[in-house]
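Worksheet: one structure, shown below.
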Number of protein chains: 2
Amino acid sequence: MRIGELSRRTGVSVPTIKFYVREGLLPAGRLTSPNQASYEETHVRRLRLIRALIDVGGLSVAAVREVIAAVDDPGRPIHDLLGEAAVRMVPRYGAEPAGEDGEDGEGGGEEDAGLVAARERVDALILKRNWRCFPGSPAAEALAVALAALGSVGHERFAEVLDDYAEAAERVARADLDYVAHQVAREELVESVAVGTVLGDALFAALRRLAQIDASDRLFGGGEQRKE
Amino acid sequence: MRIGELSRRTGVSVPTIKFYVREGLLPAGRLTSPNQASYEETHVRRLRLIRALIDVGGLSVAAVREVIAAVDDPGRPIHDLLGEAAVRMVPRYGAEPAGEDGEDGEGGGEEDAGLVAARERVDALILKRNWRCFPGSPAAEALAVALAALGSVGHERFAEVLDDYAEAAERVARADLDYVAHQVAREELVESVAVGTVLGDALFAALRRLAQIDASDRLFGGGEQRKE
DNA sequence: ACTATCTGATAGTGCCACTATCTATGATGG
DNA sequence: CCATCATAGATAGTGGCACTATCAGATAGT
């Protein structure tokens with residue numbers, strides 16, 4: 001098919017498709033003449049993947065490029081890909097802009113002691129749950145950053161629910177792996193991991209919200225059946 | 001304290017603090033003279049909340065403004081706040097830029113079939129789990145969008161793990177409510193909900209990643225004890 | 001008195017994700 | 001055969017966002 005049809009099939013404008021090709025997200029079409037190229041079903045599929053990662057997963061174009069590079073690299077171990085898809089989440093802020101704070105105190109002199117303490121907590125959790133991952137991994141660091149942020153806004157006690165969260169996370173991860181293991185071809189498996197990781201976050205976040213609304217209604221709404 | 005100290009205490013530059021005040025995220029300081037204002041501990045706290053929501057939660061300034069407006073509004077029901085914090089997630093794309101696809105048809109007011117089917121799935125899930133929330137809520141719609149995106153990239157079977165996800169989400173939501181219910185003052189409760197919702201997502205995502213790495217290692221890594 | 005700091009205002013910066021426009025070609029159909 | 005349309009590839013421009021820079025005039029503290 002030609003670019004016009006590709007555009008129609010995916011709802012992505014022609015200039016944007018060209019932009020994605022330039023940016024290395026989408027392979028160029030096969031040239032049938034100097035100014036004519038043909039696109040295949042793989043392009044449709046890839047384009048939908050790109051839009052899903054951007055729109056639903058909230059990834060930046062740069063992040064999508066890296067995820068796709070990982071998907072396309074046949075020598076890449078699955079673990080690596082997991083990390084790849086993971087770290088690129090939350091667009092336009094690679095990780096943390098360094099200075100979580102630089103304050104002097106508030107109740108004492110806790111510099112980024114909050115982050116250091118959070119890292120220790122994370123290491124302890126990993127040990128406790130017997131998770132096989134080395135403590136300095138990006139995911140562990142992201143967790144430490146989130147915990148430190150919670151602490152910095154005075155919600156250090158939120159860490160008390162960490163075990164419940166971890167339990168739920170294990171359950172979700174088991175479901176993820178279960179799904180992923182059904183794939184046969186390596187190519188599909190790898191894509192499943194990427195999709196599952198990124199879109200799974202969005203999926204779970206939405207479910208959590210629904211469950212929260214339900215729980216909140218039962219706790220605060222009391223008598224009423226439906227809350228508006 | 002004056003603005004310089006507020007800046008030092010929080011690690012946010014003075015121009016940025018002024019910017020947040022202009023944008024309505026942070027109340028202005030109390031003027032002690034025409035060109036001198038004093039800031040309190042509440043400003044430190046609020047500023048840290050803002051940075052946490054932006055840096056860790058990935059919210060945009062506009063989203064933070066709305067969350068904060070909900071926190072500050074004493075007449076706001078908790079449910080409303082839950083929705084508020086929820087919908088603003090994933091920056092710079094309020095919800096969905098409309099056209100998840102055009103498929104072939106794209107005819108006039110025609111809705112995407114994938115999305116319609118996803119909505120039905122969501123309604124069925126809500127019914128099945130007996131969740132008390134009206135089906136058209138933003139969270140339900142977000143879930144439908146995520147499911148539809150999964151379908152559009154050929155992973156409709158991912159929906160099979162939905163029940164496991166929902167189970168885990170309920171567990172997390174129970175933990176959230178448990179934490180939140182400890183708060184006494186309404187002000188604190190409401191802030192806990194906002195913080196817990198936004199930062200909780202980041203927290204859980206990181207935990208999920210760790211658990212995935214662990215599960216993946218057990219499945220694929222086999223013999224080795226530590227991966228790297 | 002002198003300097004560092006402050007308020008409030010306006011304008012500018014850099015990044016990002018597209019979009020617009022252009023030329024030169026080739027495809028398509030009556 | 002020729003008019004009209006679509007296309008590739010290149011370059012430049014747009015709009016949104018989150019800050020940043022600069023300024024004038026006033027004040028605080030030593």
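Computed from a prediction, not measured in an experiment: that's the story for all the values here. Here is the naming used below: chain letters follow the sequence lines, and residue numbers restart at 1 for every chain. All heavy atoms count here, side chains included; hydrogens, waters and symmetry mates do not.
Nucleotide dT7(C) has dA24(D) as its partner under the Watson-Crick or G-U criteria, with both atom distances under 3.5 Å.
With hydrogens and angles ignored, the 3.5 Å screen pairs a side-chain donor or acceptor of Thr197(B) with a backbone N or O of Val193(B). The main-chain N or O of Glu23(B) is found under 3.5 Å from a side-chain atom of Arg65(B) such that the two form a donor-acceptor pair. Put simply, the side chain of His43(A) gets close to the backbone of Pro27(A): a donor and an acceptor are under 3.5 Å apart.
Note: CD1 (Ile50(B)) to C1' (dC19(D)) measures 14 Å, nearest angstrom. Note: CG (Leu25(B)) to C1' (dC17(D)) measures 13 Å, nearest angstrom. Taking atom NE2 of His43(A) as the reference point, atom P of dA8(D) lies 11 Å away to the nearest angstrom. Atom P of nucleotide dT21(C) and atom CZ of Phe19(A) are separated by 18 Å, given to the nearest angstrom. Between Leu31(B) atom CG and dT5(C) atom C1' there is a gap of 15 Å when expressed in whole angstrom units. Spacing between atom CG of Leu59(B) and atom P of dC19(D) amounts to 12 Å, rounded to whole angstrom units. In this structure, CZ of Arg65(B) is placed 14 Å from C1' of dC19(D), rounded to the nearest angstrom. Distance, Met1(A) CE to dT7(D) C1': 16 Å, rounded to whole Å.
To the nearest 0.5 angstrom, Ser192(B) atom OG is 4.0 Å from His155(A) atom NE2. Note: Leu199(A) CG to Leu49(A) CG = 8.0 Å, rounded to the nearest 0.5 Å. Distance CZ/Arg22(A) to OH/Tyr20(A): 11.5 Å, rounded to 0.5 Å.
A donor N or O paired with an acceptor N or O is found under 3.5 Å between the base of dT20(D) and the side-chain atoms of Arg22(B).
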Worked verdict on Ser7(A) versus Glu5(A) for side chain to side chain donor-acceptor pair (under 3.5 Å):
CA-CA 5 Å; Ser7(A) 169; Glu5(A) 192 182 343; over 6 Å; no
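The side chain of Ile3(B) lies closest to dC6(C), out of dC6(C), dT19(C), dC19(D).
Contact check, Ser60(A) against dC16(C): no side-chain N or O comes under 4.0 Å of OP1 or OP2. In this model, the phosphate group of dT19(C) is not approached by any side-chain N or O of Tyr20(A) to a distance below 4.0 Å at OP1 or OP2. For dC6(C), neither phosphate oxygen OP1 nor OP2 lies less than 4.0 angstrom from any side-chain nitrogen or oxygen of Tyr39(B).
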Contact letters for nucleotides 22-30 of chain C, in which S counts primed atoms plus P, OP1 and OP2 and B counts the base, heavy atoms under 4.0 Å:
---BS----
